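Heavy-atom basis, side chains included; hydrogens, waters and symmetry copies ignored. Keep in mind that what you see is a predicted model, and the values were worked out from it rather than measured.
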There are 2 protein chains.
Amino acid sequence: MTELSPTAHVILGMVSREPRSGYEIKSLVDNSTRFFWAASYGQIYPELKRLSEAGLVKGSDVPRGERKRTVYSITAKGMEALKGWLREAPATFEMREEGLLKLFFSGVLPPEEAAATLRAMREHRLGVAERLRSFEPEAMERAEGAEDGDPFPLMVLQSGIEFNEWFAEWCERMTDRLLGSPAPERSS
Amino acid sequence: MTELSPTAHVILGMVSREPRSGYEIKSLVDNSTRFFWAASYGQIYPELKRLSEAGLVKGSDVPRGERKRTVYSITAKGMEALKGWLREAPATFEMREEGLLKLFFSGVLPPEEAAATLRAMREHRLGVAERLRSFEPEAMERAEGAEDGDPFPLMVLQSGIEFNEWFAEWCERMTDRLLGSPAPERSS
DNA sequence: ACAGGCATGTAAATAGTTACATGATTCG
DNA sequence: CGAATCATGTAACTATTTACATGCCTGT
């Protein structure tokens, strides 16, 4: 059995609690893991086929009304693969943050133009934080319930909120530092 | 003129202050932008050739002792391209953080095993923070000098230090939350 | 009737890593 | 002398995005 691809792990995780269609997996990813692990249709559908052939998931036809639809559930073998992977130490840590890259080279521009980058970064991070916040109530519900509640999606969601808010605040601080504002009173 | 690749921008930025060889660009990237924007030889050398053909950089033979070596300097056209790009709002924000992904799915494991992921993540982040800190004195030197000092590499480096330390601390807090530690006294 | 969401997929292109190959020079 | 570092490059592979294609169903 060749090594599973990163996307394979995402899929296994996504179907580990309940069966889902490719379309559902994609929208789930977009509403949850997206900020630290994205996936596109171009990866999901072919990977579902591969996983199915390898016997790690199993597809069944479950039409929604008249519209046909295939949902995939995890097999015993798939669950073993998922757990095995979860037990290995994480090894991929990547970031592509164009704003920091631009900032890094901003010495060739006048400070006001570098500040514009910082402001754009801040706007973006505030927007993401807000978007993530909108998912919080739902994740909180999922976290409750002593027997079958799952606290991890909420935990991870909150890391995203905190990270984005930290980053936005950092941008603000750096804008001040760059444009030389008078040291502000600490509010709160 | 077709759109420049992401790596092209990295290269333009890296040669914008002084001429550098491909090898130097690579080690510079590894010691600076790497934590938010990596690049490999497999991208750098071919891209240098393309940029050279497009007239955005210019290569010259500058041997170091007897060892031959080509350094690339930015052209007027290249500088324009760099500045144009710097003035556009950043558009790429990506992360691949395997630890968060594992955590997200950790509901299928007993809590102690999820905590192991958090601990591994914390170790990793502390290590990165330490590594980044070791570059700080050098970046501080570069930042000084009213006339030609460049404060941006230091700024960006400090964002990395702060981010990694925040993340490590978050992992700690989540480990506590997960294993249900008694509310700790705030030290400091 | 039409917009928007549900649903599945593929082709082409882009991006990026890894491994390999080669060889010089420098330092201990 | 051997290891590390300087230096340049390529080939093969893996990963991922984007754009396209198709068509049904639901609500307004």
Base, sugar-phosphate or nothing for Thr70(B)? Non-hydrogen atoms, less than 4.0 Å. sugar-phosphate
Using a cut-off of strictly less than 4.0 Å, decide whether Ser27(B) has a side-chain nitrogen or oxygen near OP1 or OP2 of dC6(D). no
Measure up the Tyr41(B) and Tyr45(B) rings against each other and bin them: parallel (under 30°), tilted (30 to 60°), perpendicular (over 60°). parallel
How long is the line joining NZ of Lys68(B) and P of dT5(D), in whole Å? 24 Å
Arg96(B) side chain, from C-beta outward: closest of dT17(D), dT8(C), dA7(D): dT17(D)
Taking the side chain of Ser5(A) as its heavy atoms from C-beta onward, which of dA15(D), dT10(C), dC6(D) lies nearest to it? dA15(D)
Verify whether one side chain among Gln43(A) and Thr7(A) offers a donor that lies under 3.5 Å from an acceptor in the other. yes
When Tyr23(B) and Pro46(B) are each assigned the nearest nucleotide of DNA chain D, the 5'-most assignment goes to Tyr23(B)
For Glu94(B) and for Tyr41(B), locate the closest nucleotide of DNA chain D by heavy-atom distance; then report the residue assigned to the nucleotide nearer the 5' terminus. Tyr41(B)
Parallel, tilted or perpendicular: which describes the rings of Trp85(A) and Phe105(B), with under 30° parallel and over 60° perpendicular? tilted
Separation of dG9(C) atom C1' from Ile11(A) atom CD1, nearest Å, is 14 Å
Output yes when at least one side-chain N/O atom of Arg64(A) is less than 4.0 Å from OP1 or OP2 of dC25(D), else no. no
Considering only heavy side-chain atoms of Tyr45(B), the closest of dT8(D), dT8(C), dC6(C) is dT8(D)
What's the closest nucleotide to the side chain of Arg67(B) if the choices are dA7(D), dG16(C), dT8(C)? dA7(D)
Please give, in whole Å, the distance from dG9(C) C1' to Glu47(A) CD? 15 Å
Taking everything shown except Lys26(A) itself, do over 12 heavy atoms lie less than 6.0 Å from its NZ? yes
To the nearest Å, give me how far apart CD1 (Ile44(A)) and P (dC6(C)) are. 15 Å
What contact category does Gly65(A) fall into here, base, sugar-phosphate, or nothing, at under 4.0 angstrom with non-hydrogen atoms? nothing
Within the structure shown, what part of the strands sits under 4.0 Å from Lys26(B) by heavy-atom distance: base, sugar-phosphate, or nothing? nothing
Nearest whole angstrom, please: distance from the P of dC6(C) to the CD of Glu24(A). 10 Å
Under 4.0 Å: is that the gap between some side-chain N or O of Ser21(B) and OP1 or OP2 of dC6(D)? no
Please classify the nucleic acid contact of Arg69(A) as base, sugar-phosphate, or nothing, using heavy-atom distances under 4.0 Å. sugar-phosphate
If I take atom CD in residue Gln43(A) and atom P in nucleotide dT10(C), what distance separates them, rounded to the nearest angstrom? 14 Å
Are Phe35(A) and Phe93(B), when compared by the centres of their aromatic rings, separated by less than 6.0 Å? no
Would you classify Ser40(B) as touching base, sugar-phosphate or nothing, given that sugar-phosphate means primed atoms plus P, OP1 and OP2, and contacts are heavy atoms under 4.0 Å? base
Please report, rounded to the nearest Å, how far the C1' atom of dA13(C) is from the CD atom of Glu3(B). 14 Å
Send over the distance from Asp30(A) CG to dG5(C) P, rounded to a whole Å. 13 Å
Enclosure of Arg69(A) CZ (heavy-atom neighbours >12, cutoff 6.0 Å): yes
